[in-house]
Amino acid sequence: STIQEALDLVVFNQVRGKESAKIPLKYFPNRLNNNLEVEVDFFNYNNDLIRMKRQLSPNDFEMTVNHQPFTERYKIMTDTEKENLIGFIEGILLPQQGNPFLDRFIPFCSRIAFYGMLNSLSQIIVKISSPGVPDFYQGSELWDLRLVDPDNRAAVDFNLRMNILEYIEERENEDLTGLVRELWDTRDDGRIKLFLIRRLLLARKMMKDLFTDGDYIPLETRGTHSDSVIAFIRRLGDRAAIAIAPRFFTSVVKEGEMPVSDLWRDTEVMLPEGFKSAVTDTVTGAQYNIESGIMLCDILKLFPGAVLIR
């Protein structure tokens with residue numbers, strides 16, 4: 001079971017205090033042949049210094065440890081202790097009336113998920129608009145609730161992503177504003193994230209020189225929520241892209257509300273001296289005339305973030 005596998009990994013993690021240990025590669029799937037054993041230097045574990053030790057028989061999947069003191073220093077769970085722990089975990093996760101753990105955990109989880117979603121959208125704006133090459137882990141184009149290695153190595157449903165992209169492209173041509181509202185209303189399905197990635201990568205493609213060679217200039221913010229905004233401009237000749245990515249959302253918006261319009265009050269992004277231009281928001285397609293400063297209550301009306309292109 002998943003819980004049993006987790007307990008096995010707890011035992012595996014206990015050896016990290018030793019200099020080295022021989023670990024079957026079932027703990028490192030897809031890295032090497034599963035019939036191989038590796039020796040891990042746990043003092044350099046974070047650097048992922050794993051080297052091949054020797055061939056093992058296919059059935060040799062039990063962990064062995066080089067140092068005899070391991071068994072004396074660490075207590076391995078008995079079968080009874082494992083059964084009791086599994087029973088406890090299953091009990092607190094069982095949906096039933098009067099479960100005090102779930103009564104408190106589910107609202108907490110919902111709150112974390114909402115603000116995590118907003119942070120993810122802002123992260124995309126910063127990542128794609130910043131200097132350098134934006135990197136996307138395969139399969140993370142929608143909400144990715146998997147753990148890291150080895151969980152995030154699962155197969156990716158590319159057909160699902162292709163179908164979503166086809167739908168987004170069709171709706172963009174019909175009614176971009178309506179699509180943005182729809183994606184916010186259905187934000188739990190992750191399409192809003194893929195939509196944002198698509199829009200910003202298209203902008204990078206169309207203005208390759210700007211995003212590759214353009215200057216990076218941080219922008220000052222002022223007002224009530226000035227600490228809750230990341231803003232910078234990329235400039236190359238007459239071309240420019242202004243990235244606006246909110247952060248620290250809990251001080252700005254209540255759970256479930258969209259952080260737009262009047263919530264930003266007097267918060268303003270200050271522009272470089274002499275900057276005056278008509279710009280288009282890459283995300284929503286809205287057009288603005290800006291000069292000296294950008295009031296967020298005017299720009300963030302449909303989406304919690306913007307990349308303004310000149």
Side-chain angles (χ1 to χ4, degrees), residues 92-93 95 99-130 134-137 140-148 151-152 177 179-197 199-200 218-233 242-271 281-284 286 288 293-308:
I92 64 174
L93 297 179
N99 183 330
F101 175 76
L102 289 185
D103 288 345
R104 297 182 65 180
F105 176 75
I106 290 178
F108 171 77
C109 182
S110 175
R111 176 178 171 83
I112 295 300
F114 174 74
Y115 290 112
M117 178 269 296
L118 293 175
N119 285 330
S120 180
L121 297 178
S122 289
Q123 181 188 60
I124 291 169
I125 292 174
V126 172
K127 177 167 64 175
I128 296 182
S129 303
S130 295
D135 176 64
F136 294 87
Y137 194 90
S140 66
E141 302 85 6
L142 304 174
W143 301 139
D144 190 359
L145 304 181
R146 299 172 297 175
L147 300 175
V148 294
D151 300 62
N152 60 2
T177 299
L179 174 62
V180 173
R181 291 195 174 104
E182 174 191 332
L183 294 177
W184 173 259
D185 291 339
T186 58
R187 56 190 177 274
D188 289 345
D189 62 20
R191 293 183 303 161
I192 192 172
K193 180 179 180 181
L194 185 54
F195 162 80
L196 181 60
I197 292 172
R199 297 289 294 181
L200 298 188
L219 298 178
E220 180 185 352
T221 57
R222 298 177 182 176
T224 304
H225 298 300
S226 59
D227 289 339
S228 295
V229 184
I230 298 172
F232 56 88
I233 185 172
I242 303 170
I244 300 174
R247 63 174 185 167
F248 302 152
F249 288 98
T250 56
S251 63
V252 178
V253 62
K254 296 179 181 178
E255 179 185 346
E257 292 183 357
M258 193 173 186
V260 294
S261 299
D262 293 341
L263 288 172
W264 291 103
R265 302 180 186 175
D266 59 345
T267 307
E268 183 179 14
V269 173
M270 307 308 298
L271 295 172
D281 183 3
T282 300
V283 182
T284 65
Y288 306 96
I294 302 172
M295 298 300 297
L296 294 195
C297 61
D298 295 331
I299 299 296
L300 302 183
K301 292 183 176 180
L302 289 174
F303 197 88
V307 178
L308 308 176

Taking side chain as C-beta onward, heavy atoms only, is [X] less than 4.5 Å from [Y]?
{"X": "Trp264", "Y": "Val229", "result": "yes"}
{"X": "Leu200", "Y": "Lys127", "result": "no"}
{"X": "Arg222", "Y": "Met270", "result": "yes"}
{"X": "Leu183", "Y": "Phe303", "result": "no"}
{"X": "Leu118", "Y": "Val253", "result": "yes"}
{"X": "Trp184", "Y": "Val180", "result": "no"}
{"X": "Leu300", "Y": "Ser261", "result": "no"}
{"X": "Arg265", "Y": "Cys297", "result": "no"}

Have [X] and [Y] got a donor and an acceptor in their side chains that come within less than 3.5 Å?
{"X": "Thr284", "Y": "Asp281", "answer": "yes"}
{"X": "Glu268", "Y": "Thr221", "answer": "no"}
{"X": "Arg191", "Y": "Thr186", "answer": "yes"}

Discussion item. Applying side chain to side chain contact (heavy atoms under 4.5 Å, CB included) to Ile124 and Ile128, what does each step give before you reach the verdict?
Written reply: CA-CA 6 Å; Ile124 291 169; Ile128 296 182; 3.7 Å; yes
Quick one: pull up [atom1] in [X] and [atom2] in [Y] and give me the separation to the nearest 0.5 Å.
{"X": "Ile233", "Y": "Ile244", "atom1": "CD1", "atom2": "CD1", "value": "10.0 Å"}
{"X": "Leu196", "Y": "Leu121", "atom1": "CG", "atom2": "CG", "value": "6.0 Å"}
{"X": "Ile92", "Y": "Asn99", "atom1": "CD1", "atom2": "CG", "value": "8.0 Å"}
{"X": "Ile106", "Y": "Phe108", "atom1": "CD1", "atom2": "CZ", "value": "13.0 Å"}
{"X": "Phe136", "Y": "Asp144", "atom1": "CZ", "atom2": "CG", "value": "13.0 Å"}

Counting only N and O atoms by type, is there a donor-acceptor contact under 3.5 Å from the side chain of [X] to the main-chain atoms of [Y]?
{"X": "Lys193", "Y": "Ser140", "answer": "yes"}
{"X": "Tyr115", "Y": "Phe249", "answer": "no"}
{"X": "Ser122", "Y": "Asn119", "answer": "no"}
{"X": "Ser129", "Y": "Ile125", "answer": "yes"}
{"X": "Ser130", "Y": "Val126", "answer": "yes"}
{"X": "Thr267", "Y": "Leu296", "answer": "no"}

Please name the pair of heavy atoms, one in [X] and one in [Y], separated by the smallest distance, quoted to 0.1 Å.
{"X": "Val283", "Y": "Gly305", "answer": "CG2-O, 4.5 Å"}
{"X": "Arg187", "Y": "Trp143", "answer": "O-NE1, 2.6 Å"}
{"X": "Leu302", "Y": "Arg181", "answer": "CD2-NH2, 3.6 Å"}

Practice prompt. Check each of Lys254, Glu257, Met258 against Leu263 using the side-chain contact (heavy atoms from CB on, under 4.5 Å) test, and report the only one that passes.
Written response: Glu257
Discussion item. Take a 6.0 Å sphere around CG of Asp103 and say whether it holds more than 12 heavy atoms from other residues, nucleotides or ligands.
Written reply: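 Yes, CG of Asp103 has more than 12 neighbouring heavy atoms, counting only those of other groups under 6.0 Å.
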Practice prompt. Kindly assign one of parallel, tilted or perpendicular to the pair Phe105 and Phe101, based on the angle between their ring planes and the thresholds 30° and 60°.
Written response: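 Plane angle under 30°, so parallel.
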Item to complete: In sequence, state the C-alpha distance, the side-chain angles, and the governing distance for Tyr288 and Asp298, and then conclude on side chain to side chain contact (heavy atoms under 4.5 Å, CB included).
Response: CA-CA 9 Å; Tyr288 306 96; Asp298 295 331; 5.6 Å; no
Discussion item. Before you tell me yes or no, could you show the steps for Ile299 and Leu308 under side chain to side chain contact (heavy atoms under 4.5 Å, CB included), namely the whole-Å CA-CA distance, both residues' side-chain angles and the distance that decides it to 0.1 Å?
Written reply: CA-CA 9 Å; Ile299 299 296; Leu308 308 176; 4.2 Å; yes
